[in-house]
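Following: one structure in structure tokens, then a few remarks.
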Amino acid sequence: MRYPREIAAAVTLRAACAALVAPPPAGASADQLDRRRAVAVVTACGALATRFAMVGFLADRRGPDPREVVPFDPFRDPTPAALGGSGPEPDRARLRLAGDRCATAWRAWRTDGGPSGDVAIGAAGALALGSWCAWAVGSAARAEVRARHALDTRPDDPFAWLVLRAVRSGYGPAW
């Protein structure tokens, strides 16, 4: 296989979307993810196309069914308006929950010893997505911290750089 990370990300995209927004199990904290869901989030965030799809999914106020999410196609699909903070205002609680769960998935990866390679790409991607979620709800400080940790994990993560640049420039979402 030429692109196993991208294939794995596409295969786990729907499970990761569900993990980011599902109600917590009884007795669990809202941001808690079990190992299986944390792995799905980290794996799905291993490709930029799936992260773009997750931005569109998380920002959609209608709360679409995670089973209908498809990876972003850069040749056919327009860039999600929510990526730049425009369009209808997303559900803030949904974004906050998803961002916290992305951070939880990254912490689970760190607890497991932080293996390198493709897993590190996904872990950094998950935290970068969590950084975007924080930025989208107006928490620039949290977005910056998460973006910096994502870049410490993987210095070339384009999504983390995008959020960090927005925060540094004082650019916030229009909603």
Side-chain angles (χ1 to χ4, degrees), residues 5 8-48 50-71 80 82-83 88-154 157 159-160 163 173 175:
R5 180 175 19 96
V11 168
T12 57
L13 173 63
R14 293 172 178 153
C17 287
L20 292 177
V21 299
S29 66
D31 66 340
Q32 189 172 345
L33 286 177
D34 60 29
R35 179 161 173 65
R36 181 176 50 94
R37 288 183 176 93
V39 168
V41 170
V42 167
T43 303
C45 288
L48 195 56
T50 49
R51 283 188 257 166
F52 273 36
M54 293 168 99
V55 164
F57 167 76
L58 293 171
D60 192 334
R61 282 196 69 75
R62 296 173 295 144
D65 187 339
R67 294 174 293 185
E68 297 174 3
V69 179
V70 295
L83 182 65
E89 182 175 3
D91 180 333
R92 296 172 68 80
R94 178 180 166 100
L95 288 180
R96 200 170 289 115
L97 174 65
D100 290 347
R101 287 184 176 175
C102 285
T104 297
W106 176 78
R107 280 191 298 275
W109 168 81
R110 298 242 329 160
T111 301
D112 288 346
S116 60
D118 284 348
V119 180
I121 292 170
L127 196 55
L129 180 62
S131 176
W132 176 85
C133 290
W135 173 84
V137 298
S139 181
R142 179 171 284 178
E144 182 174 3
V145 167
R146 287 179 178 172
R148 287 184 185 277
H149 282 299
L151 291 167
D152 286 344
T153 302
R154 186 74 186 193
D157 188 89
F159 204 86
V163 175
W175 55 69

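This one's a predicted model, so the numbers in the text were calculated from it and none came from an experiment.
Thr12 places a side-chain N or O within 3.5 Å of a backbone atom of Ala44 that can act as its donor or acceptor partner. A donor-acceptor contact shorter than 3.5 Å is absent between the side chain of Arg94 and the backbone of Val21. Looking only at distances, no side-chain donor or acceptor of Trp132 sits under 3.5 Å from a matching main-chain atom of Val163. The backbone N or O of Ser131 sits nowhere less than 3.5 Å from a side-chain atom of Arg146 that would complete a donor-acceptor pair. Judged by distance alone, the side chain of Thr43 and the main-chain N or O of Ala8 form no donor-acceptor pair under 3.5 Å. In terms of modelled atom types and a separation under 3.5 Å, the side chain of Trp175 and the main chain of Ala136 share a donor-acceptor contact. Side-chain atoms of Arg37 do not come within 3.5 Å of backbone N or O of Ala19 as any donor-acceptor pair.
Across all their heavy atoms, Cys45 and Ala126 have their closest contact at CB-N, 3.4 Å. For Arg92 against Val137, the heavy-atom pair with the smallest separation is NH2-O, 2.6 Å. Taking all atoms of both residues into account, the shortest heavy-atom contact from Ala160 to Ala128 is N-CB, 3.7 Å. Of all heavy-atom pairs between Val41 and Leu20, the closest is CG2-CD2, 3.9 Å. In this structure, Pro24 and Ser29 approach most closely via the heavy-atom pair CB-O, 3.7 Å. Taking each heavy atom of Leu95 and Ala59 in turn, the nearest pair found is CD2-N, 4.4 Å.
The CG atom of Leu58 sits 9.5 Å away from the CG atom of Leu97 when rounded to the nearest 0.5 Å. Note that CG of Leu127 is 14.5 Å distant from CZ of Arg154, once rounded to the nearest 0.5 Å. Note that the OG1 atom of Thr153 and the CD1 atom of Ile121 stand 11.5 Å from one another [nearest 0.5 Å]. Between the CG atom of Asp31 and the OG1 atom of Thr104 there is a distance of 4.0 Å, given to the nearest 0.5 Å.
The environment of CZ in Arg61 is crowded: more than 12 heavy-atom neighbours from other residues, nucleotides or ligands sit within 6.0 Å.
Applying the salt bridge (Lys or Arg N to Asp or Glu O under 4.0 Å) test to Arg101 and every residue at least two apart in sequence or in another chain returns nothing.
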Subject >> Steps toward side chain to side chain contact (heavy atoms under 4.5 Å, CB included) verdict (Met54, Cys17) >> reply: CA-CA 7 Å; Met54 293 168 99; Cys17 287; 3.9 Å; yes
**OP:** Carefully, step by step, assess Leu83 and Phe159 under the rule side chain to side chain contact (heavy atoms under 4.5 Å, CB included).
**Re:** CA-CA 10 Å; Leu83 182 65; Phe159 204 86; 3.7 Å; yes
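Between Arg110 and Asp152 there is no salt bridge, since no side-chain N of the basic residue sits under 4.0 Å from a carboxylate O of the acidic one.
A cation-pi arrangement is absent between Arg14 and Phe57 under the rule of less than 6.0 angstrom and at most 45 degrees off the ring axis.
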